[in-house]
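Because the structure is a prediction, the values reported are computed rather than measured. Side-chain atoms are counted along with the backbone in the values below, which use heavy atoms only and exclude waters and symmetry mates.
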Amino acid sequence: VQLQASGGGLVQAGGSHRLSCVASGPIVSINRVGWWRQVPGKQRELVAEIGNDGSTRYKDSMKGRFTISRSNAENTVFLQMNSLRPGDTGVYYCFADVVSSTYKSRQRGEYWGQGTQVTVSS
């Protein structure tokens, strides 16, 4: 299973941006999926996640500004970021809790994308 994130870039404060992450491989189902962020000198932190029932949770400072959504048919998760602030800057990583199939069995694991840089300028 591989996760490929895209959409990072440079954005002005107050602007909007969208990240995407596509999962590929022998996927049976995707449970939780979402985004974490890392800034230099700090631990990676949860930004937003969405369950396969559509339930969501967000980092407090992102509530009301960020929206996470998913396309189960396309094994894709999106993060719509609005009203961006310089404090939102960081490397954003997608992750997924995936059930995948092997030759004779199924296995469950967590997978991470490669990270995409989002820089918000003031």
Taking all non-hydrogen atoms of both residues, which atom of [X] and which atom of [Y] are closest, and how far apart?
| X | Y | value |
| --- | --- | --- |
| E74 | T76 | O-OG1, 2.8 Å |
| S20 | W35 | O-CH2, 3.5 Å |
| G34 | I68 | CA-CD1, 3.7 Å |
| A13 | S122 | CB-CA, 4.2 Å |
| D53 | S55 | OD1-OG, 2.7 Å |
| L46 | R57 | CD2-CZ, 3.4 Å |

Could you list the residues that satisfy side-chain contact (heavy atoms from CB on, under 4.5 Å) with [X], not counting sequence neighbours?
| X | value |
| --- | --- |
| A96 | L3, I30, V33, V98 |
| S83 | R65 |
| V99 | V28, S29, N31, R106, R108 |

Would you say [X] and [Y] make side-chain contact, with heavy atoms under 4.5 Å?
| X | Y | answer |
| --- | --- | --- |
| C94 | W36 | no |
| L19 | V118 | yes |
| T119 | V11 | no |
| M62 | R37 | yes |
| S16 | Q80 | yes |

M81 vs Y92, side-chain contact (heavy atoms from CB on, under 4.5 Å): CA-CA, chis, key distance, verdict: CA-CA 12 Å; M81 305 181 290; Y92 284 70; 4.2 Å; yes
Q12 atom CD, neighbour heavy-atom count above 12 within 6.0 Å: no
CD (Q114) with more than 12 external heavy atoms under 6.0 Å: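 Result for CD/Q114: enclosed.
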Aromatic plane relationship, W112 with F95 - under 30° parallel, 30 to 60° tilted, over 60° perpendicular: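 If you compare the ring of F95 with that of W112, the planes turn out tilted.
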Where at least one partner belongs to residues 14-29, residue pairs that pass salt bridge (Lys or Arg N to Asp or Glu O under 4.0 Å), sequence neighbours excluded: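 As it turns out, there is no salt bridge (Lys or Arg N to Asp or Glu O under 4.0 Å) pair with a partner in residues 14-29 once direct neighbours are skipped.
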D60 bridged to K63 by N-O distance under 4.0 Å: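 Counted as a salt bridge, because a side-chain N and a carboxylate O are separated by less than 4.0 Å.
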Short side-chain donor-acceptor distance under 3.5 Å, Q107 and S105: no
Those residues that, when tested against Q4, pass side-chain hydrogen bond (donor to acceptor under 3.5 Å, both in side chains) (two or more places apart): none
Listed once per pair and sorted, the ring-ring contact (aromatic ring centres under 6.0 Å, His included) pairs that draw on residues 51-90, sequence neighbours left out: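 Every candidate ring-ring contact (aromatic ring centres under 6.0 Å, His included) pair involving residues 51-90 fails, so no pair, neighbours aside, qualifies.
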Working to the nearest 0.5 angstrom, can you tell me the gap between [X] [atom1] and [Y] [atom2]?
| X | Y | atom1 | atom2 | result |
| --- | --- | --- | --- | --- |
| K59 | D88 | NZ | CG | 9.5 Å |
| L79 | R70 | CG | CZ | 14.0 Å |
| E45 | S61 | CD | OG | 7.0 Å |

side-chain contact (heavy atoms from CB on, under 4.5 Å) between V91 and R44, worked out: CA-CA 9 Å; V91 178; R44 196 174 295 187; over 6 Å; no
Heavy-atom donor-acceptor pair, T89 side chain to V120 backbone, under 3.5 Å: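 Looks like yes, one N/O pair under 3.5 Å.
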Donor-acceptor contact below 3.5 Å, side chain H17 vs main chain G7: yes
Shared hydrophobic cluster, V22 / V1 (ILVMFWY, side-chain heavy atoms < 4.5 Å):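 Shared cluster, no.
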Chi angles and distances behind the side-chain contact (heavy atoms from CB on, under 4.5 Å) call for Y93, Q38: CA-CA 8 Å; Y93 295 88; Q38 189 156 28; 4.1 Å; yes
side-chain contact (heavy atoms from CB on, under 4.5 Å) between S121 and L10, worked out: CA-CA 7 Å; S121 63; L10 176 64; 4.2 Å; yes
